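Okay, structure first, notes after.
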Amino acid sequence: MKIITAVRGFKDILPGESEKWQFVEGKAREIFGNFGFREIVLPILEKTELFRRSIGETTDIVEKEMYTFVDRGDESLTMRPEATASVMRAYLEHGLYASESLVKLYTIGPMFRRERPQKGRFRQFNQLNAELLGSKDPRVDAEVILMLITFLRSVGVADARLEINSLGCPACRPAFREVIHKDLEEKRDGLCEDCRRRLSTNPLRIFDCKVEGCKAIVATAPLLIEFLCGECREHFDAVQSGLRLFDTPFEVNARMVRGLDYYTKTAFEVTTGALGAQNAIAGGGRYDRLVEELGGPESPGIGFAVGLERLVAVAPIPDETVIPRPELFIAALGKEAQDFAFVLCNRLRMKGALAETDYGARSLKSQMKRSDKLGCRYTLILGERELRERKALLRDMKDSSQQPLGLDDAENTILGILSTE
RNA sequence: GUGGGUGUAGCUCAAGUGGUUAGAGUGUCGGGUUGUGGCCCCGAAGGUUGAGGGUUCAAGUCCCUCCACUCACCCCA
């Protein structure tokens, strides 16, 4: 019979890797917590309308990548392709803007996009999102970026590139859009097929096209950064000087674009060379109009998303630091000894010790092998002889020394020895 | 959605131009003195060669179709 496999683009995270995820999540909780962010747990399904309105009707995500279906109640639902929209929805739905002027939230969980899988790209992938609402102060932009970099460093990623840009606001972007559209329209013939299409849908996207011909054209085209309005210019400068106060090297990439429509002003991206074509491990930006567009009060915000699969792939987390090893293995010989081991082993566990044993009635040799393989520091040898004499043998697997250990008080003796390790 | 690459044991891979019962390493299990791990030695289990069809006396090998995985385009975390 043919076995059933996981759905394409959906992955299992097995033990060995799952511990690394826990490590990364633990660091995030710790550092985000220090910066005053609190966790919000969100549903994975939302009304389709939420994403259509926030992400943008003409974006690739909405046009062709969403897992959308009609529920039995004739309602169109979508498995979230990103988290910011959901955070905004919850922010509005629960009136969080009323309880506090500044709201800092983070959330961890799976996102879904029906793209063709490749290295670093999956149909279900996990993101770690942080969103800060209620301030348009540029220092907040720098603070959020600083938090991201601090987190990345805490998991050992120190050599990633931080790129920032400004995408302008409703005051300056439309004007630039016209300029660039006009400029590129004149050079239309030199553009690739995709870019000719983008000309009418999303001209800004042409800036990060990888086709050589387009790159050359774009190299001489005007940049949005040159057309920023006074407010945006000032904001962008302030973000940069904010970052300079800390040890966070960055570079301005005037050609960086974001895939979602709601971004304004600050946009940033963290990339690494170790991931193949999908080189972004984190990306984010400011979205000052998003809440209003969803029908809420004026609530400027900024946030970012970290791709956990990608981060875990590049974070140098040694196995030894995260994979648990039992402290004690109880090798039991014979039915009676096994019964004793059953009780002792579980009592130790209930007291917080990492103990392991074997009920398979296997030879002492096999059990020693297992103890060694599990990486146990000690093995307690418990046979009929030891049971009779009420004294087991505690073997130190490091130096192969053995000492007798009274059975009547074994539990406490062992806990004492393990606690001094 | 479009290209390229790859599918043989749980894992990593072998099997000149088609030719007996498809091999090795590793892992698993057992053994090498009676009750003692690592190193070494021996043995066992484990395969519908991704699936289906075709050519042939004969297909893991050649042809076709499908599927899966993978890398890239696209897009993005």
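In this text the structure is predicted, and so the values were computed from the model without any measurement. To find a chain, count down the sequence lines: A is the first, B the second, and so on, and within it residues start at 1.
- Remark: the Thr271(A) side chain and the Glu163(A) side chain contain no N/O donor-acceptor pair separated by less than 3.5 Å.
- Across the protein-nucleic acid pair, Leu333(A) atom CG and G37(B) atom C1' stand 14 Å apart, rounded to whole Å.
- Using a 4.0 Å heavy-atom cutoff across all strands shown, Tyr378(A) reaches no nucleic acid atom at all.
- In this structure, Arg388(A) places its CZ atom 12 Å from C1' of G35(B), rounding to the nearest Å.
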query: Are Glu269(A) and Arg258(A) close enough, and set up right, to give a salt bridge (charged side-chain N to carboxylate O under 4.0 Å, His left out), and what steps lead you there?
result: CA-CA 9 Å; Glu269(A) 213 167 85; Arg258(A) 304 262 69 210; 2.7 Å; yes

N/O donor to acceptor pairs below 3.5 angstrom from side-chain atoms of residues 328-341 of chain A, sequence neighbours left out:
unit_1, atom_1, unit_2, atom_2, d
Lys335(A), NZ, Asp339(A), OD2, 2.9

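- In this structure, Met368(A) places its CE atom 14 Å from P of C39(B), rounding to the nearest Å.
- Taking 3.5 Å as the limit, the base of G35(B) and the side chain of Glu386(A) contain a donor-acceptor pair of atoms between them.
- In this structure, the side chains of Leu152(A) and Ile281(A) come closer than 4.5 Å at one or more pairs of heavy atoms.
- Rounded to the nearest Å, the gap between the C1' atom of G54(B) and that of U61(B) is 15 Å.
- Using the six-membered ring where Trp is involved, Phe32(A) and Phe37(A) have ring planes that are tilted, between 30° and 60° apart.
- A residue-by-residue look at Lys11(A) and Asn126(A) shows that Lys11(A) has its nearest nucleotide of RNA chain B further toward the 5' end.
- Screening residues 3-21 of chain A for salt bridge (Lys or Arg N to Asp or Glu O under 4.0 Å) gives Lys20(A)-Asp319(A) as the qualifying pairs, with residues at least two apart or on separate chains.
- The number of heavy-atom neighbours closer than 6.0 Å to NZ of Lys391(A), taken from other residues, nucleotides and ligands shown, is 12 or below.
- Residues from residues 263-286 of chain A lying near RNA chain B, meaning a heavy-atom separation below 4.0 Å, are Gly276(A), Ala277(A), Gln278(A), Ala280(A), Ile281(A), Ala282(A), Gly283(A) in numerical order.
- Heavy-atom neighbours of Arg347(A) CZ from other residues, nucleotides or ligands within 6.0 Å: at or below the threshold of 12.
- Atom CZ of Phe125(A) and atom P of C75(B) are 16 Å apart (whole Å).
- For the contact set between residues 303-317 of chain A and RNA chain B, defined by any heavy atom under 4.0 Å, the members are Ala305(A), Gly307(A), Arg310(A).
- For Gln118(A) and C73(B), the shortest distance from a side-chain N or O to OP1 or OP2 is below 4.0 Å.
- For the pair Gln367(A) (side chain) and Arg362(A) (backbone), a donor-acceptor distance under 3.5 Å is present.
- The nearest heavy atom of RNA chain B to Arg114(A) and to Lys398(A) marks one nucleotide each, and the one closer to the 5' end goes with Arg114(A).
- For the pair Arg258(A) and A77(B), the criterion of a side-chain N or O lying under 4.0 Å from OP1 or OP2 is met.
- In this structure, Lys64(A) does not reach the C74(B) phosphate: none of its side-chain N or O atoms is under 4.0 Å from OP1 or OP2.
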Residues Asp358(A), Arg370(A); criterion salt bridge (charged side-chain N to carboxylate O under 4.0 Å, His left out); working and verdict: CA-CA 9 Å; Asp358(A) 190 319; Arg370(A) 175 121 188 273; 3.5 Å; yes

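- Picking from A72(B), C76(B), U36(B) the nucleotide with the shortest atom distance to the side chain of Leu393(A) gives U36(B).
- The separation between Tyr106(A) atom OH and A77(B) atom P is 21 Å, rounded to whole Å.
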Got a list of side-chain donor-acceptor pairs under 3.5 Å for residues 301-309 of chain A, not counting sequence neighbours?
unit_1, atom_1, unit_2, atom_2, d
Glu309(A), OE1, Asn126(A), N, 2.9
Glu309(A), OE2, Asn126(A), N, 3.2
Glu309(A), OE2, Asn126(A), ND2, 3.0

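- Proximity of Phe35(A) to Val144(A): side-chain heavy atoms (C-beta onward) are nowhere separated by under 4.5 Å.
- Taking the side chain of Leu260(A) as heavy atoms from C-beta on, and the options C74(B), C76(B), G32(B), the nearest nucleotide is C76(B).
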- request: Could you provide the dot-bracket string of RNA chain B, using ( ) for intrastrand pairs, [ ] for crossing pairs and | for bases paired to another strand, with Watson-Crick or G-U pairs below 3.5 Å?
  value: (((((((..((((.....[...)))).(((((.......))))).....(((((..]....))))))))))))....

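- Relative to the side chain of Lys373(A), the nucleotides A77(B), G27(B), G37(B) differ in distance, and G27(B) lies closest.
- Of all nucleotides listed (C75(B), G30(B), G37(B)), G30(B) comes nearest to the side chain of Arg362(A).
- In the set G37(B), G35(B), A77(B), the nucleotide with an atom closest to the side chain of Ser400(A) is G37(B).
- Here U36(B) is the nucleotide among G37(B), C75(B), U36(B) with the atom lying nearest to any side-chain atom of Ile381(A).
- With hydrogens and angles left out, the side chain of Arg370(A) and the base of G37(B) share no donor-acceptor pair within 3.5 Å.
- If you check distances only, the side chain of Gln402(A) does reach the base of U36(B) with a donor-acceptor pair under 3.5 Å.
- Residues Asp399(A) and Ser401(A) bring a donor and an acceptor atom of their side chains to less than 3.5 Å of each other.
- Ring geometry for Phe112(A) versus Tyr67(A): interplanar angle over 60°, hence perpendicular rather than tilted (30 to 60°).
- Here Thr59(A) lies out of heavy-atom contact (under 4.0 Å) with every strand.
- Using atom P as the reference point in both A68(B) and A51(B), the two lie 15 Å apart (nearest Å).
- Under the 3.5 Å distance criterion, the side-chain polar atoms of Glu292(A) are left unmatched by any main-chain donor or acceptor of Arg289(A).
- Comparing the C1' positions of C13(B) and U49(B) gives a spacing of 13 Å, expressed to the nearest Å.
- Only the C1' atoms considered, U70(B) is 23 Å distant from U26(B), to the nearest whole Å.
- For Arg116(A) and C73(B), the shortest distance from a side-chain N or O to OP1 or OP2 is not below 4.0 Å.
- The separation between Glu82(A) atom CD and C76(B) atom C1' is 12 Å, rounded to whole Å.
- When rounded to the nearest whole Å, the span between CZ of Arg8(A) and C1' of C66(B) equals 13 Å.
- Atom name C1', nucleotides A59(B) and G19(B): the rounded distance is 10 Å, in whole Å.
- If you check every strand for non-hydrogen atoms under 4.0 Å, Lys119(A) touches sugar and phosphate atoms only.
- Taking atom P on both G47(B) and U8(B), the two are 15 Å apart, rounded to the nearest angstrom.
- Distance noted for atom P between A44(B) and G23(B): 13 Å (whole Å).
- Within the 4.0 Å cut-off from OP1 or OP2 of C29(B), not a single side-chain nitrogen or oxygen of Ser366(A) is found.
- For Lys335(A) and G35(B), the NZ to P distance is 20 Å, given to the nearest whole Å.
- Between A77(B) and G16(B), the distance separating the two P atoms is 48 Å to the nearest Å.
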